[in-house]
Each structure stands twice: as structure tokens, then as C-alpha cells.
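Read through the structure below, which is laid out as C-alpha cells, and then see the notes.
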Amino acid sequence: MVFKERQPRAKGVIEAVYSEGGTVSHRLLELHLYPGNQCNRDCDFCTVFGTPKGWYHDYTIDHLEAALRTIVLTPEGTLKFFGGEPTLHPENVIWAIGYLRQREFQGSIVIYSNGIQAERLLQILQSDPLNCTTASLNYSIATGDGALQMPRKSLDLLETYEKAHPGTIAIGHPDIVDSGRGVDPFTGEASRPKVNSRCPHCYPVLTSEGKFHACPFAIENQSAHFQLGDIHTDTAIVTQNFRAFFDWLDTVHEPYAVQHELPACTVCWKHLDQLPVPDDYRSVSCAS
Ligand SMILES: C[S@@+](CC[C@H](N)C(=O)[O-])C[C@H]1O[C@@H](n2cnc3c(N)ncnc32)[C@H](O)[C@@H]1O
Ligand code: SF4
Ligand code: SF4
């Protein structure tokens, strides 16, 4: 396989950023952007219930401004576009990348894609004026292990591009977690890791409905445990709530998963009614 896996970065980093006037703001090292679960596939393991009938909202200026207030703007910051399938609306993704660069986001951008619409994916990558946008491919659809492999023509195009631009197109992790459609319907290689009581501690998500949600794997789970605020919530409160969510994972969620011998994501998907909402969540202005 031409594509390589990327090494994960430090988890849960919130940086103190000082303005010229001396005020301090707290910003996330990474943030996911999610425009809905509309997709050209409907993988039987999909965390977000991806489907051609799924929901979708364009990214807007309000939404991207909220992201820019929340993320580290220097080259260390990373924004990750997922879905759903980003290549279904390439014009909006290309506009969003252009807007973020115009507003001086210097960090890296990652597009999570199944790669089927390979030409559109390459157009998105090439649109970045800073040349710092890369892709991460769905492991199952790139390899054919657990899903129908992408068309040969798409794979050839992406492999050729990666050979010419090493490190631009990576392959995602093979792990399957029990979230969304989850583990039970998964038909891929039995040796692929599936059970772990410890949450991977992902960075949060800003949806194009304007909500900050604590977990990309549970993004379609509307439980109060995941609601960190919305685009009108003070960024300091969003980041405090994210910190409180991580404390809750370590002190409430993981002990419950270990005690009941459950995979971490199964607890979030099927047992949250047994667990309190993180108790120092600050009030959020969204209706949820
Ligand atoms: C939800 S997809 C959205 C982007 C794009 N449609 C894709 O498949 O890459 C983002 C990533 O989640 C991964 N994913 C989906 N379901 C999963 C599961 N049950 N466990 C672990 N990863 C999963 C996919 O393989 C993909 O790498
Ligand atoms: S994993 Fe990706 S390609 Fe598969 S259904 Fe979900 S969003 Fe679509
Ligand atoms: S354990 Fe819960 S918070 Fe952690 S990745 Fe799984 S669904 Fe998300």
C-alpha cells in the first residue's frame, strides 16, 4: 500500500494565547468540522450513520469564524474536515479553505474522505494557497477490507498523486469502534482491533448546525454529555467544558467501562443514562 498511517498527536491540548493587548485566550490544538452525514456510501460500521439520504448544511462565515476563535491559528493548529463525505460538496470545502487562509489560519487542514471522487479530492487539496491541506482515506474503502473497495481508477489516481507528493494522502486507522452503526455489523478482518475500555480522547467537533460536540465518533449522539456549547458561547466556556468532558472520561466513564467490562464507545452509545453529565459544565447558550 502506497499510503501510510499518520502518528497521532498530543491529546486534549488547550494553549494559552496572548494578544498584543495582553489578554489571554485558550485555544484548542485541533478541531473537527462536520457538515452532516450525507455520503455516497453507507458503510455497515459507520460511526456517523453515513448515507446518501443523510443531512447536510454548507459551512458558513459564522461557523468558520467560531472555528477561528477556538483553534490555535499558528502552523501547529489543525482543522479536520469530515462528514459524511467532503467530496460531495467540493465547492463549499474549497470556499471554506480559502476563507480560513484569508483569515490567517496558518495551520494544517486534513480532509477525511473515502476517495471515491478522487479528482474532486485532489482539487480540494490543490486549492490551498498554503499547500498545507492533506487527506486521510477510509481504511476499509482503500483496502477493500470490510467495505467495497473504491474504484480502481480512483485508487490509481490517488496512489499516483501520493507517489508524486509523499505524505499528502494518508490512510486511516484500521480500528473499528462501537459507535453509530458500530461493531456488530462489521464484516471485515476479525483481527482488526475492536475492544478497548479507554476512550481515545479525540478533539471536539463544530457542526455546521453551529454546535460544539465533544466527540467525532459520537457526533450523531445528541446526549447532553457531549454538548459543549454553540457558536454564540464564549470560547473560554467551550474549552472549559471540553476540559470537564476529559475529566469526566477519566473519572466517571472509564471506571464504569472497566467495572462492566465494556468497550469505551459502547458506554457512550448504550449506557450514558447510567452516568451523570460532567458536573462542572458551564451553562451553554444553545437550546440543547
Ligand atoms: C465517518 S468517516 C467520514 C469521512 C469519509 N466519509 C471517510 O469514510 O473517510 C471518518 C473516518 O471514520 C472512520 N470510521 C467510520 N466508522 C468507524 C468505526 N465504527 N470505528 C472506527 N472508525 C470508523 C472511517 O473509516 C473514516 O476514516
Ligand atoms: S465511513 Fe465514511 S464512507 Fe463510510 S458511510 Fe461513513 S461517512 Fe460514508
Ligand atoms: S468512548 Fe465515547 S467519547 Fe470516547 S471516542 Fe468513544 S464515543 Fe467518543
Side-chain angles (χ1 to χ4, degrees), residues 3 5-6 11-12 32-56 80-89 93 110-117 121 124 135-143 145-150 154 158 169-188 192-205 213-221 223 225-226 228 242 245-246 248-250 252-254 256-258 262-272 275 278:
F3 312 115
E5 257 186 59
R6 293 207 175 105
K11 298 175 188 294
H32 296 86
L33 300 179
Y34 179 73
N37 61 5
Q38 191 185 86
C39 190
N40 46 357
R41 282 285 178 92
D42 55 357
C43 300
D44 58 13
F45 51 85
C46 181
T47 48
V48 307
F49 300 96
T51 163
K53 295 183 179 158
W55 70 272
Y56 170 80
K80 296 181 167 179
F81 287 64
F82 77 122
E85 177 48 44
T87 58
L88 296 189
H89 300 277
V93 176
V110 182
I111 311 292
Y112 285 83
S113 172
N114 59 34
I116 293 168
Q117 294 280 356
L121 179 57
I124 291 170
S136 176
L137 297 177
N138 179 312
Y139 179 91
S140 298
I141 294 175
T143 61
D145 172 11
L148 181 66
Q149 194 173 27
M150 75 171 82
S154 306
L158 297 176
I169 303 178
I171 189 161
H173 212 270
D175 291 16
I176 291 293
V177 302
D178 185 21
S179 194
R181 293 198 187 106
V183 169
D184 287 344
F186 179 63
T187 54
R192 278 169 62 180
K194 302 181 197 71
V195 177
N196 191 342
S197 294
R198 181 159 173 80
C199 167
H201 289 65
C202 310
Y203 281 90
V205 185
H213 186 289
C215 175
F217 282 133
I219 187 68
E220 292 293 331
N221 183 332
S223 161
H225 300 70
F226 297 110
L228 304 181
F242 178 55
F245 182 76
F246 264 31
W248 173 88
L249 283 174
D250 295 340
V252 178
H253 177 280
E254 188 169 331
Y256 183 94
V258 170
L262 290 167
C265 297
T266 306
V267 173
C268 284
W269 198 245
K270 296 176 185 144
H271 297 260
L272 276 188
L275 303 181

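Indexing begins at 1, ligand by ligand and atom by atom, following the structure's order. Computed from a predicted model, the values in this text were never measured in an experiment. If you read the sequence from its start, that first residue is 1, and numbering goes on from there.
Evaluated by nearest non-hydrogen atom to atom 8 (O) of ligand 1, the leading choice among Asn138, Asn114, Thr87 is Asn138. The residue among Val48, Ile176, Val177, Thr47 with a heavy atom at the shortest distance from atom 15 (C) of ligand 1 is Thr47. Looking at Cys39, Gly180, Ser113, it is Ser113 that brings a heavy atom closest to atom 7 (C) of ligand 1.
The backbone N or O of Ala264 lies less than 3.5 Å from a partner atom in the side chain of His253, making a donor-acceptor pair. Put simply, the side chain of Ser140 gets close to the backbone of Asp145: a donor and an acceptor are under 3.5 Å apart. Between the side chain of Asn138 and the backbone N or O of Gly172 there is no donor-acceptor pair closer than 3.5 Å. The backbone N or O of Phe81 sits nowhere less than 3.5 Å from a side-chain atom of Tyr34 that would complete a donor-acceptor pair. Without hydrogens or angle criteria, Ser136 side chain to Ile171 main chain gives no donor-acceptor distance under 3.5 Å. Judged by distance alone, with hydrogens and angles left aside, the side-chain atoms of His271 form no donor-acceptor pair with the main-chain N or O of Leu262 at under 3.5 Å. In this structure, His213 contributes its side chain and Glu220 its backbone to no donor-acceptor pair below 3.5 Å.
Protein atoms of type N/O/S that fall under 2.8 Å from atom 6 (Fe) of ligand 2 number 1 in this view.
Look at Thr51 and you'll find every heavy atom at least 4.0 Å from all atoms of ligand 2. Residue contact annotation: Gly83 has a non-hydrogen atom under 4.0 Å from ligand 1. Under a 4.0 Å heavy-atom criterion, Gly84 is in contact with ligand 1.
Between Asp42 and Lys53 there is no salt bridge, since none of the side-chain N atoms of the basic residue sits less than 4.0 Å from a carboxylate O of the acidic one.
Nearest heavy-atom pair, Thr87 versus Ser113, reported as atom, atom and distance to 0.1 Å: CG2-OG, 3.8 Å. Here the shortest heavy-atom pairing between Ser179 and Cys265 reads CB-CB, 4.2 Å.
Around atom 4 (Fe) of ligand 3, the protein contributes the following N, O or S atoms under 2.8 Å, ordered by chain and number: Cys199 SG.
Listed by chain and residue number, Tyr56, Tyr59, Ser208 satisfy the side-chain contact (heavy atoms from CB on, under 4.5 Å) test with Pro35 (two or more places apart in sequence, or in another chain). Shown here are the salt bridge (charged side-chain N to carboxylate O under 4.0 Å, His left out) partners of Asp250, two or more places apart in sequence or in another chain: Arg198.
Residue Phe245 touches ligand 3 through its side chain alone, judged by heavy-atom distances below 4.0 Å. Contact annotation for Asp175 and ligand 1: only backbone heavy atoms (N, CA, C, O) come within less than 4.0 Å of the ligand.
Remark: aromatic rings of Tyr256 and Trp248 are distant, center separation not under 6.0 Å.
Of all atoms in ligand 1, listed by their number and element, those nearer than 4.0 Å to a heavy atom of Cys46 are 16 (N). Interface of Glu85 with ligand 1, defined as ligand atoms under 4.0 Å from a residue heavy atom, comprises 5 (C), 6 (N). Those atoms of ligand 2 with a heavy atom of Ile141 less than 4.0 angstrom away are 3 (S).
Using modelled atom types, one finds no donor on one side chain facing an acceptor on the other under 3.5 Å when comparing Glu85 with Asn40.
The shortest N or O to N or O distance between Ser179 and ligand 1 is not under 3.5 Å. Between Phe217 and ligand 1, a contact under 3.5 Å exists for no N or O pair.
Side-chain atoms of Asn114 and Cys39, non-hydrogen and from C-beta on, do get closer than 4.5 Å to each other.
Classification of the Trp269-Phe49 ring pair by plane angle, with boundaries at 30° and 60°, yields tilted.
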